[in-house]
Amino acid sequence: MRTDFIGKALAVLTLTSFLSSCAVVAVGGVAAGASVMADRRSPAVQAIDKGIGLEVENALDKKFGDSAHINVASFNQKVLLTGEVKDASIKEQAGAYAKANKNVRAMFNELVVGPNSTYTARANDSYLESKIKTQMIFTDKLPSNSMEIVAEGNSVYLMGILTQNEAEIAKKVASNTNGVKDVYAYFDIISEAEKTRLEKQGKADESQPNSMPKQ
């Protein structure tokens, strides 16, 4: 009897976990689709940003190994470095490398000198980011999918292409999120006219057929 009960309980727990995972994937899929549609960057700049992130992060990881834990975020060709490094020299070298990338137009070095963060701390950062992103999505008149949100400890870093009013709303949402102590914004501020132009351009980009380039 006890063995049967334990077996059934494990089955229920497994099923619940599976369903929860499916829900997360479904929501993530919707968010990802919306991100492409609402992004105020051109498709070319989005691709450049992805390339910058991969190139810089892989290079720094290879160069410094366990002496550093460096996260690289790139949005509209602005690069943000967060994480931990063993000493100030590594912080300086990492910043110089990122800044020297030909596609980078601005670099913000927020690396902290100290021991690498634990996996638990990193999981908490990811959870905090997801909380803020969710609140951004459900905030009226806020282009949440045209922003990059990075959490490190109790600090949150925001990047994106926003009007002044949108920027103030975004900073307020992040600041009011439980667990956030400091908010740093590195936005590209645009006018209402530029916002309208970018949104029209985004719709035009979406209407273009997706086809492989001719060889």
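Here, residue 1 is the first one in the sequence, and each next residue gets the next number. These numbers come from a predicted model, not from an experiment.
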Practice item. Would you check if the side chain of N116 reaches a backbone N or O of S67 as a donor-acceptor pair within less than 3.5 Å? Key: no
**Study point:** Side-chain cluster (under 4.5 Å, hydrophobic types only) that V45 belongs to, other residues
**Key:** none
Review point. In Å and rounded to the nearest 0.5 Å, what is the CD to CD distance from E166 to Q164?
Key: 10.0 Å
Review point. When you measure from the side chain of D49 to the backbone N and O of N76, does any donor-acceptor pair fall under 3.5 Å?
Key: yes
Revision key, fill the gap. Of N145, V173, T177, the one forming a side-chain contact (heavy atoms from CB on, under 4.5 Å) with M136 is V173
Check your understanding: What residues, two or more places apart in sequence or in another chain, satisfy side-chain hydrogen bond (donor to acceptor under 3.5 Å, both in side chains) together with S144?
Key -> none
**Study point:** Under 3.5 Å donor-acceptor, D125 side chain and G153 backbone
**Key:** yes
Review point. Is K86 atom NZ crowded by more than 12 heavy atoms from other residues, nucleotides or ligands, each under 6.0 Å away?
Key: no
Check your understanding: Is there a side-chain contact (heavy atoms from CB on, under 4.5 Å) between V156 and D182 once you walk through the steps?
Key -> CA-CA 6 Å; V156 171; D182 300 302; over 6 Å; no
Exercise for review: Might you work through the side-chain contact (heavy atoms from CB on, under 4.5 Å) test for F187 and M147, ending with a clear yes or no?
Suggested key: CA-CA 9 Å; F187 294 129; M147 287 188 289; 4.0 Å; yes
Point to revise | Side-chain heavy-atom pair V180, N154 within 4.5 angstrom cut-off | key: no
Review point. So which pairs with a foot in residues 114-170 pass ring pair (Phe, Tyr, Trp, His ring centres under 6.0 Å), sequence neighbours left out?
Key: Y157-Y184
Review point. Does K78 come within less than 4.0 Å of E148, counting only side-chain N to carboxylate O?
Key: no
Point to revise | Short side-chain to backbone donor-acceptor contact, T139 and L142, under 3.5 Å | key: no
Check your understanding: Hey, is the main chain of A151 close enough, under 3.5 Å, to the side chain of S155 for a donor-acceptor pair?
Key -> no
Check your understanding: Could you go step by step and tell me if T163 and I189 meet the side-chain contact (heavy atoms from CB on, under 4.5 Å) rule?
Key -> CA-CA 5 Å; T163 64; I189 301 298; 5.9 Å; no
Review point. Does any pair with a residue in residues 168-177 pass salt bridge (charged side-chain N to carboxylate O under 4.0 Å, His left out), and if so which ones, sequence neighbours excluded?
Key: E168-K171
Point to revise | Common cluster, M107/I52, ILVMFWY with side-chain heavy-atom separation under 4.5 Å | key: yes
Point to revise | Test item: side-chain donor near acceptor, E152 and N71, under 3.5 Å | key: yes
Exercise for review: Say whether, by atom type as modelled, one donor and one acceptor occur between the side chain of K91 and the main chain of L111 under 3.5 angstrom.
Suggested key: yes
Exercise for review: Kindly give the heavy-atom pair with the smallest separation between S74 and G53, and that separation in Å.
Suggested key: CB-N, 4.4 Å
Review point. Is the shortest distance from a Lys or Arg side-chain nitrogen in D188 or R41 to a carboxylate oxygen in the other one below 4.0 Å?
Key: no
Check your understanding: Can you tell me how far the CG atom of L81 sits from the NZ atom of K99, to the nearest 0.5 Å?
Key -> 12.0 Å
Exercise for review: Would you indicate whether the side-chain heavy atoms of E55 and Y97 approach each other to under 4.5 Å?
Suggested key: yes
Exercise for review: Output the distance between atom CD (Q201) and atom OG (S42), rounded to the nearest 0.5 Å.
Suggested key: 8.0 Å
Check your understanding: Which pair of heavy atoms, one from V104 and one from A98, lies closest together, and at what distance?
Key -> CG2-O, 3.5 Å
Review point. Would L158 end up clustered with L128 when hydrophobic side chains under 4.5 Å apart are linked, directly or stepwise?
Key: yes
Point to revise | Same cluster (ILVMFWY, side-chain, under 4.5 Å), I149 and I169 | key: yes
Review point. Linking I/L/V/M/F/W/Y whenever their side-chain heavy atoms sit closer than 4.5 Å, directly or via other members, would L60 and F108 fall into one cluster?
Key: no
**Study point:** Exam field: side chain D61 to backbone E57, donor-acceptor pair closer than 3.5 Å
**Key:** no
Check your understanding: Can you name the nearest heavy-atom pair linking A170 to L162, along with the distance?
Key -> CB-CD1, 4.2 Å
Practice item. Mind checking the CZ-CZ spacing from R40 to F75? Nearest 0.5 Å is all I need. Key: 9.0 Å
Point to revise | Counterpart residues, side-chain hydrogen bond (donor to acceptor under 3.5 Å, both in side chains), relative to Q93 (two or more places apart) | key: S89
Check your understanding: Distance from T196 atom OG1 to E194 atom CD, nearest 0.5 Å?
Key -> 9.0 Å
Practice item. Answer yes or no: is there a side-chain heavy-atom contact under 4.5 Å between N101 and V79? Key: no
Study note, to complete from the structure: E110 meets the side-chain hydrogen bond (donor to acceptor under 3.5 Å, both in side chains) criterion, sequence neighbours left out, with Y186
